[in-house]
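Start at 1 and go down the list; that is how both ligands and their atoms are numbered.
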Amino acid sequence: MAEIIAGIGTSHVPSLGAALDHGKTQTDYWKPLFNGLEPARRWIAETNPDVCIIIFNDHASAFSQALISTFAIGVAPEFQPADEGYGPRQVPVVKGDGELAWHIAESLILDEFDMTIVNEMPVDHGLTVPLSVMYDQPAEWPCRVIPVCVNVIQYPQPTANRCYNLGKAIRRAVESYPEDLRVAIVGTGGLSHQLQGERAGLINSEFDTTFLEKLVTEPETIKSTSHTEYLREAGSEGIEMIMWFTMRGALDDQVNEIYRFYHVPASNTAYGLLVLENE
Ligand code: DHB
Ligand code: FE
């Protein structure tokens, strides 16, 4: 049987990928952040999951106003890094797991989550930066990837609670797959940030650190936080944090916290990282 062994939460700030791609990880600005990734990277290398289900959002790279899907799942054999305006990142092609992805899609849809099924999707920094966080700069990504894309950029977004329940449904799907696979689930985005308007540059460390603590220890108490509260407290892009609930929902009620890291600033955002293990 396949099982979810761990959950990882990470911001997906694009300049972190650019710092890595352009050899700037040891500069005064970036060194503290990249040093902070080390314990998580060691743990991931040791744990070496077969498949990572990555919960991320597209930033108008694969999708546009022409089609706004609330939840989408990538079932293709591979996904190319997207061109976000500077040419695609020079990172390995993302290899999928079509068989498991179709199984999860079927299970989710029969479980009443109406997924959009995606056969072709370039993947932007929302997905490739988390892979860089986890694996640095390998010649090939060491795991197969199932991309699960959540609309957090166009109103109306799903609730955090819906994302949490999606995580529970993903767990049921994985656990009904007969092959012995060790699966990690990755929630991406956030933490607090606002990229535009009068409050551009907003960071709320108190909100972020409370979020990280409660997501680990008592997610049920914060899963009803409203979109308005995210907007007010974590900025207009802080709502990306709801994707971390899908990761958390796929884990046990009580988890082992392997690692937690929080760093400000990372470009315009607060950077957060969590590694959680099922008991
Ligand atoms: C930025 C963009 C993002 O999508 C994000 O999640 C964080 C930061 C940025 O452009 O700085
Ligand atoms: Fe983003």
Side-chain angles (χ1 to χ4, degrees), residues 8-22 24-25 27 29-30 32-34 36-37 54-65 68-72 74 79 81-89 91 94 121-134 145 147-155 157-158 160 163 186-205 207-208 211-212 215 227 230-231 233-247 261-274:
I8 294 153
T10 172
S11 310
H12 60 218
V13 41
S15 51
L16 196 158
L20 198 66
D21 298 348
H22 298 111
K24 297 199 172 141
T25 61
T27 58
Y29 185 86
W30 287 108
L33 192 152
F34 281 91
L37 306 183
I54 303 187
I55 318 301
F56 78 112
N57 67 287
D58 175 70
H59 303 75
S61 303
F63 305 125
S64 69
Q65 297 288 340
I68 300 159
S69 169
T70 301
F71 296 121
F79 305 90
D83 183 348
E84 299 180 61
Y86 302 93
R89 286 188 69 204
V91 292
V94 176
M121 173 166 63
V123 286
D124 71 13
H125 68 272
L127 187 130
T128 63
V129 167
L131 285 171
S132 299
V133 163
M134 293 164 63
V145 172
V148 172
C149 186
V150 179
N151 167 41
V152 292
I153 65 172
Q154 170 65 58
Y155 183 87
Q157 298 94 340
C163 292
V186 185
T188 77
L191 297 179
S192 59
H193 65 299
Q194 171 147 343
L195 301 177
Q196 28 75 42
E198 262 177 43
R199 298 199 306 162
L202 174 145
I203 286 176
N204 183 344
S205 294
F207 184 84
D208 291 335
F211 171 85
L212 291 175
L215 191 76
H227 292 155
Y230 280 104
L231 191 64
E233 298 297 331
S236 53
E237 278 70 44
I239 194 169
E240 289 183 344
M241 292 158 87
I242 66 173
M243 294 185 289
W244 290 47
F245 280 91
T246 303
M247 175 274 283
F261 176 60
Y262 182 74
H263 179 80
V264 173
S267 183
N268 301 299
T269 84
Y271 177 81
L273 175 63
L274 270 183

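In summary, the atoms of ligand 1 found under 4.0 Å from a heavy atom of Ser267, numbered by their order in the structure, are 11 (O). Less than 4.0 angstrom separates some heavy atom of His12 from each of these atoms of ligand 1: 4 (O), 5 (C), 6 (O). The contact set between ligand 1 and His59, taken as ligand atoms under 4.0 Å from a residue heavy atom, comprises 4 (O). Numbered from 1 in the order shown, with element, the atoms of ligand 1 that lie under 4.0 Å from a heavy atom of Asn268 read 11 (O).
Of all the heavy atoms of His193, the ones lying under 4.0 Å from any atom of ligand 1 belong exclusively to the side chain.
Between Ser11 and Trp244 the shortest heavy-atom distance is N-CZ2, 3.9 Å.
Residue Glu237 places every heavy atom at 4.0 Å or more from ligand 1. Under the 4.0 angstrom criterion for non-hydrogen atoms, Ser15 is not in contact with ligand 1.
A distance of 4.0 Å separates NE2 in His12 from NE2 in His125, rounded to the nearest 0.5 Å. Atom CZ of Phe56 and atom OG1 of Thr128 lie 9.5 Å apart (nearest 0.5 Å). Atom OH of Tyr230 is separated from atom CZ of Phe211 by 5.0 Å, given to the nearest 0.5 angstrom. In this structure, Leu16 CG and Thr10 OG1 are separated by 7.0 Å, a value rounded to the nearest 0.5 Å. Between the CG atom of Asp208 and the CG atom of Leu191 there is a distance of 4.5 Å, given to the nearest 0.5 Å. Going from atom CD of Gln154 over to atom CZ of Phe63 covers 14.0 Å, rounded to the nearest 0.5 Å.
Scanning all protein heavy atoms for the shortest distance to atom 3 (C) of ligand 1 gives His125 NE2, 3.5 Å. In terms of protein heavy-atom proximity, atom 2 (C) of ligand 1 is nearest to Pro14 CD, 3.4 Å. Of the protein's heavy atoms, Thr269 CG2, 3.2 Å lies nearest to atom 8 (C) of ligand 1.
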* Asked: Please walk me through it: do Asp58 and Ile153 pass side-chain contact (heavy atoms from CB on, under 4.5 Å)?
  -> CA-CA 8 Å; Asp58 175 70; Ile153 65 172; 5.6 Å; no
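For the Fe ion (ligand 2), the nearest N, O or S atom contributed by His12 is named NE2. Per residue Glu240, closest N, O or S atom to the Fe ion (ligand 2): atom name OE2. When the Fe ion (ligand 2) is compared with the N/O/S atoms of His59, atom NE2 turns out nearest.
For the residue pair Glu84 / His59, no side-chain donor-acceptor distance below 3.5 Å is found, with atom types taken as modelled.
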